[in-house]
Structure formats: structure tokens, C-alpha cells
Participant: 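Got a structure for you, written out below as C-alpha cells; questions coming shortly.
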There are 4 protein chains.
Amino acid sequence: MNGAQERPLRADAARNRARLLDAATEVFTTRGIATPTEEIARAAGVGVGTLFRHFPTKEALLEAVMVRRLEEIATTTAQLAADAERPDGDSGDGSDGSGNGGAFFAAFRVVVDRSAGKDEFTRALAAAGVDAHAALHASGTAIREHLARLLAAAQRAGAVRREVGLAELFALLVGTTTAVEQLQDDPAARERVFTVVFDGLRPH
Amino acid sequence: MNGAQERPLRADAARNRARLLDAATEVFTTRGIATPTEEIARAAGVGVGTLFRHFPTKEALLEAVMVRRLEEIATTTAQLAADAERPDGDSGDGSDGSGNGGAFFAAFRVVVDRSAGKDEFTRALAAAGVDAHAALHASGTAIREHLARLLAAAQRAGAVRREVGLAELFALLVGTTTAVEQLQDDPAARERVFTVVFDGLRPH
Amino acid sequence: MNGAQERPLRADAARNRARLLDAATEVFTTRGIATPTEEIARAAGVGVGTLFRHFPTKEALLEAVMVRRLEEIATTTAQLAADAERPDGDSGDGSDGSGNGGAFFAAFRVVVDRSAGKDEFTRALAAAGVDAHAALHASGTAIREHLARLLAAAQRAGAVRREVGLAELFALLVGTTTAVEQLQDDPAARERVFTVVFDGLRPH
Amino acid sequence: MNGAQERPLRADAARNRARLLDAATEVFTTRGIATPTEEIARAAGVGVGTLFRHFPTKEALLEAVMVRRLEEIATTTAQLAADAERPDGDSGDGSDGSGNGGAFFAAFRVVVDRSAGKDEFTRALAAAGVDAHAALHASGTAIREHLARLLAAAQRAGAVRREVGLAELFALLVGTTTAVEQLQDDPAARERVFTVVFDGLRPH
DNA sequence: GATGAATGAGACTTCATTCAT
DNA sequence: CATGAATGAAGTCTCATTCAT
């Protein structure tokens with residue numbers, strides 16, 4: 001959709017952009033998305049003007065933070081998806097009667113772990129009238145694709161029930177993230193949440 | 001220290017308070033919690049002053065809305081918990097093809113259905129520095145108690161795996177709510193989410 | 001100017017009026033004139049409505065408080081003025097070369113002592129666009145008259161310099177009040193202020 | 001803890017700060033301290049935001065206005081105090097018909113003239129819970145010191161009674177200011193007030 | 001006649017965004 | 001290109017006054 005507007009970007013400008021993104025990620029996560037723009041500029045060690053040169057809107061900054069997170073996650077899921085599709089993908093001999101879908105469940109965990117705090121951004125964007133799904137299409141679909149492939153592979157291997165579709169997989173991903181966020185101080189309970197969800201995903 | 005502050009409340013005052021709460025619930029849910037206070041007053045058909053007489057702070061209003069929701073939910077879960085504990089509680093003779101724990105799963109659905117939008121409030125309050133858990137203790141524990149009883153009954157009846165504790169039940173409740181919110185336009189997928197979670201909760 | 005509008009006032013109404021005046025005097029003095037009207041009503045043990053029935057405006061209440069204070073002062077100065085005019089007025093045989101004007105200086109002290117905090121009211125009224133002098137004419141002139149008589153007597157007796165007029169006497173009264181208010185914790189210094197002003201008033 | 005916070009201040013910022021201070025002095029004095037903040041911003045030709053960038057609180061603005069006034073007064077009194085201490089300080093050989101202590105009385109007049117309206121600020125700050133004395137210590141003590149030196153010099157020269165201390169000098173300064181403010185339209189009476197106070201201060 | 005809930009103008013302050021330096 | 005001061009719309013809350021109970 002937008003493939004021609006990425007200019008090389010001067011060295012210092014690129015450095016500032018990165019700093020801003022880091023600072024924003026940190027600040028939004030710890031102090032909430034209502035934190036004043038100026039705070040973020042300060043945390044990044046630049047002036048507000050610079051911030052607005054890079055991100056014409058606070059919303060745009062929010063979006064960029066989210067995109068970067070998703071891109072990072074996408075990198076990991078891509079790796080896992082690739083592994084899962086190798087001849088002897090997943091793991092073991094495939095004779096495992098329960099199937100196993102190791103890569104699929106590993107990816108599920110990665111997404112959940114990396115998404116901590118993410119849905120606050122989604123909500124914020126939604127509240128701001130942005131269609132997050134559309135805005136994040138570019139990198140969002142990368143994950144979507146990888147997950148689709150992982151899901152298909154896991155279903156083929158009999159590790160995941162056939163009726164589960166991509167839509168509810170996404171919903172479950174988000175939901176599990178939220179659930180897990182509530183249990184930050186209770187790792188055992190956290191683990192039991194994964195157990196429930198994963199068992200629920202297996203064929204019955 | 002505060003034993004005499006709950007006065008009967010004049011008729012009109014009570015009516016306005018209720019209107020305010022209704023309007024706030026409606027407006028916060030549809031237009032987001034960032035909606036100006038004045039909007040809510042207008043929606044309730046009163047002046048801002050009245051709003052602030054009843055709820056000295058926007059945060060206090062948010063809290064009151066949440067408390068009321070929880071109270072409503074508590075009423076329903078209380079009923080279900082009571083049913084589940086009757087001699088022949090739950091679904092009777094076990095011949096019930098769907099297995100038992102019916103009251104438990106029914107309560108789970110009720111809480112999820114009634115909680116739509118609720119966790120946005122929780123977040124908002126948290127961001128505002130309010131300890132929602134503390135603030136909501138009174139009615140919060142009512143639900144907590146009912147759910148604890150339902151959970152125990154369901155586990156006794158063999159409908160829910162023994163290792164599941166109250167903490168993760170709550171987390172799953174919140175997580176499922178979030179998941180389901182993402183699927184408002186796809187009832188079938190919504191249903192499949194419930195299937196996954198419920199199956200995951202059953203003994204394996 | 002308004003001699004026909006004073007109705008007898010029912011017993012309880014009169015009691016409420018008095019209570020309000022007392023409470024207002026107390027509250028305005030201790031917490032400042034910016035104190036909400038409601039506070040005063042509460043201090044008086046009545047509802048705001050009652051307050052506004054008696055005093056149609058906050059300003060009117062302020063004014064009434066001031067008037068009452070002045071009336072109290074007027075009562076005292078009237079007594080002193082009367083004393084000063086008796087044949088053998090003032091004191092002693094009149095042969096006192098320095099004159100003495102005891103009543104005059106006594107009145108000066110009384111006014112100053114009784115006026116503590118008063119000028120905040122004057123300022124407040126002035127700021128509110130009220131011509132305090134006009135508003136307070138009724139009882140204000142009572143004091144004015146008594147002081148004029150005392151001043152004249154003291155000048156006749158040679159106790160006060162002839163060139164001093166009523167205008168600067170008033171200004172000095174207010175000024176000395178202010179000065180003395182600054183020295184509440186230093187009675188000796190307070191006394192020295194009186195010494196300076198009184199000596200300055202004597203013929204030179 | 002705060003050693004680096006006084007930055008040079010950009011040219012335009014400094015200009016705006018000065019304008020704001022001028023406008024505030026003017027507006028507070030003529031229209032009272034209850035004047036809306038926005039009015040002051042308008043009078044200074046800047047937006048409200050600018051005002052609040054410079055003075056984070058209305059109270060802070062009030063304080064700054066007061067500090068600046070005191071600083072101006074301090075400059076003048078410093079000059080007078082220095083003059084009074086030169087070998088042949090004050091008025092020289094004593095042949096000066098007006099007697100001596102000239103610098104002292106000149107300073108007294110300067111402070112009074114420059115203080116018009118000042119104590120309204122003091123009151124406002126006090127009402128707002130600010131310890132004006134503490135807040136104004138820096139420049140406040142400058143004046144205090146100069147006046148102490150002037151007082152000592154005048155007493156040494158026999159122009160002022162020995163028993164007068166700094167405390168009552170201050171009280172008289174404030175009191176005379178108040179007195180004089182009442183007589184704005186009657187310069188002759190104003191002058192007589194000075195005569196009374198000054199004569200009262202001379203040895204008796 | 002008393003009460004206190006309701007009203008709403010207006011106060012103070014914040015913050016995303018623009019623009020002179 | 002970076003900076004941070006300026007902007008002003010908008011938000012939350014207060015309080016004198018009115019009016020239903």
C-alpha cells in the first residue's frame with residue numbers, strides 16, 4: 001500500500017526515531033498512554049518539535065510503537081512457522097498420536113509473552129477512532145500469515161481441533177494475554193492458564 | 001468514623017443519581033471513558049454541578065458505574081450458586097448428557113456477557129491510581145465468594161479439573177471477556193471460544 | 001433612608017439571623033472571605049436557603065457583618081464622647097497645659113482593638129464594587145459623629161494638633177489597625193506603635 | 001538541589017515574562033486579585049498557556065508580582081541607605097533646617113509610595129496558604145537590612161527615637177501605606193498623615 | 001418559613017500541536 | 001533539522017444563587 005515513501009533517513013534522524021520509539025514504548029507501558037507527549041520527548045532526550053517531525057500525531061506514535069512490537073513478534077513467529085513446515089517439522093516422528101504442534105504452541109506463548117501491555121494500545125487507538133486492524137495491516141498480516149500457517153500445520157498434525165479458525169485464534173491470543181497479565185505475581189497460576197487454553201485447543 | 005453518612009437521599013436526588021449512573025454506563029461504554037463529564041450530565045438531563053454533587057470526581061463516577069455492574073453480576077451469580085448447592089443441585093441425576101457443572105459454566109457465561117467493557121474501567125481506574133481491587137472489595141467479594149462456591153461444587157461433581165484455582169478462574173474470566181469482545185460480529189467464533197475454554201477447564 | 005422596612009421578625013427568624021451573623025463573623029475572620037457560603041450556613045446550623053432568605057447576596061452578608069461590628073464600636077464611642085463633653089469632661093481641671101484628650105485616645109484604642117480584621121471586609125466590598133462608605137452610612141456616621149465630637153473636644157483641650165481633620169483621623173485609625181495586626185505576638189512593639197501615633201497627634 | 005535551573009531564558013520568553021508581570025501588576029492593582037487569569041494573559045498579549053508556562057499557578061504569579069515590587073523598592077532603599085552611611089551622610093552639617101534622618105524619612109516615603117496595593121497581595125497569598133514571609137525572604141530581607149541600617153543611622157543622628165525597633169517600623173510602614181491608600185483624593189490629608197507619623201517617630 | 005439538591009457560568013489548569021529562533 | 005516557547009481548545013471542578021420539597 002505504501003512502498004515508495006520510505007526514504008533513507010539521515011543517520012541522526014534515524015537515531016532519533018529509534019530513541020523516540022524506545023522511549024515511547026517504555027513510557028507508555030509504565031506510565032500509561034495518557035502521559036504527555038513532552039514526557040516522551042524528554043525521555044528520548046529530544047525536543048517535542050523533533051518528536052512531531054517524526055510522528056505527526058500522538059496517535060501516529062502510538063501506532064508506530066505497536067507496529068514495531070508486532071514486527072518483532074512477526075520475526076519470531078516467522079522462524080517458528082518455517083521450522084514447523086520443514087519435512088520433519090514440528091518435532092518428533094509425527095507418529096505421535098496426539099499430534100503435537102510444538103511450534104504452534106510455542107508461537108502462541110511467544111505472542112502472549114511479547115504482547116504484554118499491547119492491548120492497551122489497541123484500545124487507545126480504537127478509542128481514538130483508528131481502525132487498528134487497518135492501520136496495522138502491513139506488519140499485522142505478517143504475523144497473521146505465520147499463525148495461519150502454524151495453525152494449519154498443527155491441525156494437519158492433529159494437534160489442534162479442526163473447527164478452530166483464525167479469528168478465534170486471534171481472540172484467544174488477546175484474551176490469554178489479558179488473563180496472563182492479571183497473574184504476573186503467580187507464575188504457577190499463569191502456567192495453569194496456558195494449560196487450560198492449550199488443552200482446550202486440542203482435539204476433543 | 002463514617003456510620004451516619006448514608007442518608008435516605010431525597011426522592012429527586014435518588015432519581016438523578018440513578019439517571020447519572022445509567023447515562024454514564026451508556027456513554028462510557030459507547031463513546032469511551034475519555035468522554036467529557038459534561039456529556040454525561042447532558043445525557044442524564046442534569047447540570048454538571050449535579051453530577052459533581054453526586055460523584056465528587058470523574059474517577060468516583062467511573063468507580064460507581066463499575067461497582068453497580070459488579071453488584072448486578074453478583075446478584076445473578078448468587079442465584080446460580082444457590083441453585084448449585086441445593087441437595088440435588090446442578091443438573092440432577094448425572095444423566096444430563098452435557099455432564100454437570102452446569103451452574104458453574106452458566107455463571108461463567110453470565111459474568112463474561114455482563115462484563116463487556118468492564119475491564120476498560122478497571123484499566124482506567126488503575127491508570128488514575130485507584131486500587132480497583134480495594135475499591136471494589138465490598139461487592140467484588142460477593143462475586144468472588146459465589147464463584148468460589150460454584151467452582152468447588154463443580155470440582156466436587158467432577159466437571160472441572162481439580163488443579164484450577166480461584167486466581168486463574170478470575171484471570172480466565174477476564175481473558176475470555178476480552179477475547180469475546182473481539183468477536184462481536186462473529187457469534188459462531190465467539191461460541192468456539194467458549195468451547196475451547198470450557199473444554200480446557202474440564203478434567204483431562 | 002430606610003426606616004420603614006424593619007419588620008418585627010419572628011422569634012426563630014431573628015435567632016437564625018443572629019446565628020448567621022455570628023457564624024459569618026467567625027468564619028470570615030478565621031478562614032477568609034473566600035469561604036463558600038455553604039460553610040457559613042453549616043456553621044450557623046441552618047441550610048443555605050435560610051441564609052439567602054436573610055441575606056439576598058453574599059455581599060449583603062459581608063456588609064451586615066461589618067455594620068454590626070461598627071454598631072458595636074459606635075456604642076462604645078458614644079459613651080466615651082458623652083463623657084468627654086460633660087462640664088468637667090475628659091479629666092482633671094482643664095489646667096493641664098498639655099491638654100489631655102483621654103477620652104479621645106481611649107476611643108482611638110477601642111476602635112483599633114475592635115476593628116481587627118475589619119478592613120479585609122472593606123477591601124472585599126470595595127473589590128465587589130460596593131461603595132462601602134455609602135453602604136455603611138447609617139451606623140458608620142454614628143461613629144463618625146462621635147469621633148468628630150471627640151476630636152473637637154480634644155483639640156479644644158489642646159491635646160491634639162489643630163490641623164488634623166476627620167479624614168486623616170479615619171485613615172490613621174485604619175492604618176493603625178493594620179499596623180497593630182502585624183504585631184499580634186509582640187505586645188511591647190504594639191504599644192510603641194500607639195506611642196508613636198499618639199505622640200504624632202499631639203501638638204508640636 | 002536546584003543549582004542549574006536558572007537558564008538564560010530565550011529572548012522572546014524573557015520578553016513575555018516581563019510583559020506578563022507588567023500586565024499582572026497593572027490588572028491586579030486596578031481590578032483586584034480576583035481578576036481571571038485569562039484577563040491577564042490577554043492584557044499581556046499572550047495566550048493563557050504561556051502564562052501558565054511561566055507561572056504554574058495563579059498564586060505563583062501573585063507571588064512573582066510581589067517579589068518584583070519588593071525588589072524595586074529594595075533597589076531604592078539600598079541607594080538611600082548607602083547615601084546615609086557616607087562619612088558626611090544624611091544631610092551634612094546639621095544646618096539643614098529640616099533636621100536630619102532625611103534618608104530615613106525619604107526611604108519611609110518611598111516604601112509607602114511603592115507599596116500601594118501590596119498588602120492586598122500579602123493577604124491573598126496568606127489566604128492561599130502561602131507563607132509570604134518565607135516566600136519573599138530573599139528580596140524581603142534586602143529591604144529589611146537597608147531599613148535597619150537607615151534606622152540605626154537616624155537614631156545615631158538623633159532623628160528618630162531610640163526605643164523604636166525594626167518590628168514596629170515595619171508595622172508602621174504597612175499601616176501608613178494603608179492609611180495613605182484611603183486618602184488618594186486628598187493629598188493634603190495624605191501629607192498630614194505623614195506629618196503625624198514622622199513627628200511621632202522623632203524623639204520626645 | 002426552612003431545607004438542601006440543582007443549576008450553570010466561569011475558574012484554573014493541561015496538553016497536542018505549531019512555529020519562531 | 002532541532003529546539004522549546006507559544007497557543008488555545010477543552011477538561012475538571014467550584015460556588016453563588018434558585019427552587020422543588
Side-chain angles (χ1 to χ4, degrees), chain A residues 9-10 12-13 16 34-42 45-61 128, chain B residues 7 9-17 20 34-42 44-61, chain C residues 9-13 16 34-42 45-61, chain D residues 7 9-17 20 34-42 44-61:
Chain A
L9 214 54
R10 253 171 46 180
D12 56 345
N16 277 342
T35 314
T37 320
E38 195 142 2
E39 209 83 330
I40 294 170
R42 181 163 37 252
V46 304
V48 244
T50 304
L51 189 159
F52 276 89
R53 169 170 293 277
H54 284 287
F55 307 97
T57 280
K58 189 185 194 180
E59 197 184 281
L61 175 58
Chain B
R7 267 182 287 164
L9 209 57
R10 234 167 64 181
D12 54 347
R15 187 172 56 250
N16 278 338
R17 202 191 131 91
L20 246 1
T35 315
T37 316
E38 197 143 0
E39 209 81 329
I40 295 174
R42 181 162 36 250
V46 304
V48 239
T50 303
L51 189 160
F52 278 91
R53 167 174 281 270
H54 286 286
F55 309 97
T57 281
K58 190 185 193 179
E59 197 184 282
L61 176 57
Chain C
L9 214 55
R10 254 172 46 180
D12 56 344
N16 278 342
T35 314
T37 319
E38 195 142 2
E39 209 83 330
I40 294 170
R42 179 160 42 250
V46 304
V48 245
T50 303
L51 188 159
F52 277 89
R53 169 170 293 276
H54 285 287
F55 308 97
T57 281
K58 190 185 194 179
E59 197 183 283
L61 175 58
Chain D
R7 267 182 288 165
L9 210 57
R10 231 168 64 181
D12 55 347
R15 187 172 56 249
N16 279 337
R17 203 191 130 91
L20 247 1
T35 315
T37 314
E38 197 143 359
E39 209 81 332
I40 295 173
R42 181 161 36 249
V46 304
V48 241
T50 302
L51 190 160
F52 277 90
R53 167 174 281 271
H54 286 286
F55 308 98
T57 282
K58 191 185 193 181
E59 197 183 284
L61 176 58

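Below, read A as the first sequence line, B as the second, and so on, with proteins coming before strands; counting in each chain starts at 1. Treat the numbers as computed from the prediction; the structure is a model and nothing was measured.
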Participant: For B/R42, give me all partners under salt bridge (Lys or Arg N to Asp or Glu O under 4.0 Å), at least two apart in sequence or on another chain.
Facilitator: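 Salt bridge (Lys or Arg N to Asp or Glu O under 4.0 Å) list for B/R42, sorted by chain: B/E39.
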
Participant: When the distance from CZ of B/R53 to C1' of E/dT3 is rounded to whole Å, what number comes out?
Facilitator: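 Taking CZ of B/R53 and C1' of E/dT3, I get 11 Å after rounding.
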
Participant: For D/F55, check side-chain contact (heavy atoms from CB on, under 4.5 Å) against everything at least two apart and list the hits.
Facilitator: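 For D/F55, the residues satisfying side-chain contact (heavy atoms from CB on, under 4.5 Å) (neighbours in sequence not counted) are D/R17, D/L20, D/L21, D/A60, D/L61, D/A64.
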
Participant: Once you round it to whole Å, what is the distance between P of E/dG1 and NE2 of C/H54?
Facilitator: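 After rounding, the gap between these two atoms is 9 Å.
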
Participant: Whole Å only: how far is the CG atom of A/L51 from the P atom of F/dC1?
Facilitator: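 Spelled out: CG on A/L51 to P on F/dC1 is 16 Å.
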
Participant: If you round to the nearest 0.5 Å, how far is NE2 of B/H54 from CG of B/N16?
Facilitator: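 Rounded to the nearest 0.5 Å, the CG-NE2 separation comes to 5.0 Å.
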
Participant: Using the side-chain contact (heavy atoms from CB on, under 4.5 Å) criterion, which residues pair with B/R53? Sequence neighbours excluded.
Facilitator: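 Only C/E38 meet the side-chain contact (heavy atoms from CB on, under 4.5 Å) criterion with B/R53.
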
Participant: Does any non-hydrogen side-chain atom of D/F52 lie less than 4.5 Å from one of D/T57?
Facilitator: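 Not touching, per the 4.5 Å side-chain cut-off.
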
Participant: Would you tell me if any nitrogen or oxygen in the side chain of A/N16 comes within less than 4.0 Å of OP1 or OP2 on F/dA2?
Facilitator: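 True: A/N16 side-chain N/O within range (under 4.0 Å) of F/dA2 OP1/OP2.
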
Participant: Between atom CZ in D/R17 and atom C1' in F/dG4, what is the gap in whole Å?
Facilitator: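 That distance rounds to 17 Å.
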
Participant: Quick one: stems involving DNA chain F, counted as three or more successive Watson-Crick or G-U pairs, both distances short of 3.5 Å.
Facilitator: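 If one scans DNA chain F for consecutive Watson-Crick or G-U pairs, the stems found are E:2-21 with F:2-21.
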
Participant: Tell me which nucleotide among F/dT3, E/dT7, E/dA5 gets nearest to the side chain of B/T50.
Facilitator: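 Out of F/dT3, E/dT7, E/dA5, the nucleotide with an atom closest to B/T50's side chain is E/dT7.
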
Participant: Do nucleotides 11-21 of chain E as a string where each nucleotide becomes B, S or -: B if the base has a protein heavy atom under 4.0 Å, S if just the sugar-phosphate does, - if no protein is that close.
Facilitator: SSBBSSBB---

Participant: Could you measure the distance from the CG atom of A/L51 to the NZ atom of A/K58? Nearest 0.5 Å is fine.
Facilitator: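 A/L51 CG to A/K58 NZ: 10.0 Å, rounded to 0.5 Å.
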
Participant: Separation of C/I40 atom CD1 from E/dG4 atom P, in whole Å?
Facilitator: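 Those two atoms, CD1 and P, are 16 Å apart.
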
